[in-house]
Each structure stands twice: as structure tokens, then as C-alpha cells.
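Numbers restart at 1 for each chain; the letters A, B, ... are given by sequence-line order, proteins then strands. Note that the coordinates shown come from a computational prediction; the quantities given were computed from them, not determined experimentally. As a basis for the values below, the full set of heavy atoms in this structure was taken, side chains included, without hydrogen atoms, waters or symmetry mates.
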Number of protein chains: 2
Amino acid sequence: MALLDLLGRRWALRVLWELRDDTAAPTFRALQARCGNVSSSVLNERLRELREAEIVTVSPGGGYRLTPEGHELMLALAPLDAWAVRWAARSLPEKRDRSNS
Amino acid sequence: MALLDLLGRRWALRVLWELRDDTAAPTFRALQARCGNVSSSVLNERLRELREAEIVTVSPGGGYRLTPEGHELMLALAPLDAWAVRWAARSLPEKRDRSNS
DNA sequence: CAGTATCCTGGACGATACTG
DNA sequence: CAGTATCGTCCAGGATACTG
């Protein structure tokens, strides 16, 4: 699937997550900071890919933000996220069980 | 996110997809064939990870199948899949547009 | 048939230095 | 500040040969 080729890459989802809030429209450097100082080369590469996919766009003011499609993607991601949360909640206690007698 | 660490790996989703049909419970070699003859080393690695995550299990008969959690995961994936389909449907025509005058 | 053990290679990622 | 260019490292994945 080509979609995971895009979203599976490092920082891709993190970037989308940081752009959730539509009012922010952070600049390149701001995004970079929010993402633990990714290399500018990688961040730029990701942003280019996401723009080509029309998931992200640059606002007139110069900041990055999600496109409408990007927002829909985030919505489509919600059930998966919910599953992941339940999943993590189930597997972590299991590990804890081992350290119990 | 640890979940994408798992599902983002090559063949992971493909394996789940091939295990959709619960009545099948394919064997190792059968799965390998269905996945375009992945290396046995890689397939085995993926299957081990998915079993550790309790998304896949080996049935008493010896075939692989999804766990209940695995099936829930597939359900959680549905909206994302739907989005991806619409997305592909929108971006492919765009490419075709370029070859038009 | 199921699974393991090795070796090799491409490319993703990160760091860094640079231009406009 | 925004983005590009370059280079080195490392590891996932593939090929293959092997064991039980």
C-alpha cells in the first residue's frame, strides 16, 4: 500500500499530529523544534512528500497546515488510534505481570 | 508510535490482509506463496512479531489466523482504508490530467 | 513443510555545512 | 528563517543454504 509508504516514514505522523491544531500553522523551524529537532533535510523531505500528497499545505502566511483531506485523514486515523490505546493498555499490564510473583 | 513500528514493516499488513478470511488458516508456505514468495526469514520474523503482539495466532490445526484483537484491528483499519481509496481515486486522475492537454 | 542462520546490499536517516 | 547539498552509518529486507 502506498499510503503506508508515506505515513510509515519517520516523523510523518508526528508532523501531522503537530499540525492537528489548525490555528497554529507553525513555521518550518517551529515544526522542527516541536519534533525534537529533526534534521532539516528529513523534515523538508517529509513536508515535500506530504504536500505532494495534498495532505499538508503552506498557508498564505507562510506556516504549514493540514489540507481538508489532511483533516479527514486524521479522522480516519482515530479508530486506529483508539485500538492502539486499548492495545497498549492490554500489553503493558501483561509485562508487569511477569515481574509479579 | 509503536503500532506503526509493527504495521509499517514490510509485509505486515499484507499478512493480516491475507488472514482476513478466518476460515482459511493458511500454513506458513501457503502464506508465503500468497505474499509473492517473501523470504522465509522475513515472513517468519513478521509472524513472530505479530504473534507477540497477539494479533496473530497459530490455530490448533497448525495454520495461522487472526486473534479476536486482530479482527478488531482490521475493523479499526477500515476507515483509513476507505480514506486511502478515495485518496488514490483523487490523485490518480490528477496524474492523468497532466498527460491531457 | 516449518523455521533458522548467514551474508550482502540499498536506502532511510542523521549531522553538518551551506545558499538565498 | 527556509531550504538544499553532501556524506557517513546503520539496519531492514532479500537471497540462500541449512536443520528438524
Original post:
Considering heavy-atom distances to DNA chain C, does S41(A) or R9(A) have its closest nucleotide positioned more toward the 5' end?
Top reply: R9(A)

Original post:
Under a 3.5 Å cut-off on both pairing distances, which runs of 3 or more consecutive Watson-Crick or G-U pairs involve DNA chain C?
Top reply: C:1-20 with D:1-20

Original post:
With sequence neighbours left out, what residues match R34(A) under side chain to side chain contact (heavy atoms under 4.5 Å, CB included)?
Top reply: E18(A)

Subject >> Gap between atom CG of L6(B) and atom CD of E52(B) - 0.5 Å precision >> reply: 9.5 Å

**OP:** Measure the distance from CZ on R10(B) to C1' on dA15(D) and round it to the nearest whole Å.
**Re:** 14 Å

Subject >> Non-neighbouring partners of D22(A) that pass salt bridge (Lys or Arg N to Asp or Glu O under 4.0 Å), sequence neighbours left out >> reply: R65(A)

**OP:** Give, for atom CD of E45(A) and atom OG of S40(A), the distance between the pair rounded to the nearest 0.5 Å.
**Re:** 11.0 Å

Subject >> Sorted by number, the residues of residues 20-39 of chain A with heavy-atom contact under 4.0 Å to DNA chain D >> reply: T27(A), F28(A), R29(A)

**OP:** With heavy atoms under 4.0 Å as the rule, sort R48(B) into base, sugar-phosphate or nothing.
**Re:** nothing

**OP:** Could you tell me the separation between the CG atom of L7(B) and the P atom of dA12(D), rounded to a whole number of Å?
**Re:** 16 Å

Subject >> side-chain contact (heavy atoms from CB on, under 4.5 Å), paired with I55(A), selected from L16(A), V15(A), L19(A) >> reply: L16(A)

Original post:
Should we count CH2 of W17(B) as having more than 12 external heavy atoms under 6.0 Å?
Top reply: no

Subject >> Phosphate OP1/OP2 of dA12(D) contacted by W11(B) side-chain N/O (<4.0 Å) >> reply: no

Original post:
Quick one: how far along DNA chain C does chain A reach, first to last nucleotide 5' to 3', anything under 4.0 Å to a heavy atom?
Top reply: dA12(C) to dA17(C)

Subject >> N44(A) or R46(B), whichever maps to the more 5' nucleotide of DNA chain D >> reply: N44(A)

Under 3.5 Å, side-chain donor or acceptor atoms of residues 69-77 of chain A against the rest of the protein: list the pairs with distances, not counting sequence neighbours.
residue, atom, partner, partner atom, Å
E69(A), OE1, T67(A), OG1, 3.1
H71(A), ND1, T67(A), O, 3.3
E72(A), OE1, R86(B), NH1, 2.8

Subject >> Distance, nearest 0.5 Å, that separates CG of L43(A) from CZ of R48(A) >> reply: 11.0 Å

Original post:
Taking for each residue the nucleotide of DNA chain D bearing the nearest heavy atom, is the 5' side occupied by G8(B) or by R51(A)?
Top reply: R51(A)

**OP:** With rounding to the nearest 0.5 Å, note down the distance linking CG in L3(A) to CH2 in W83(B).
**Re:** 6.0 Å

**OP:** Starting at CZ of R14(A), measure out to CG of L4(B) and round the result to the nearest 0.5 Å.
**Re:** 13.5 Å

Original post:
So how far is it from R51(B) CZ to T57(B) OG1, rounded to the nearest 0.5 Å?
Top reply: 8.0 Å

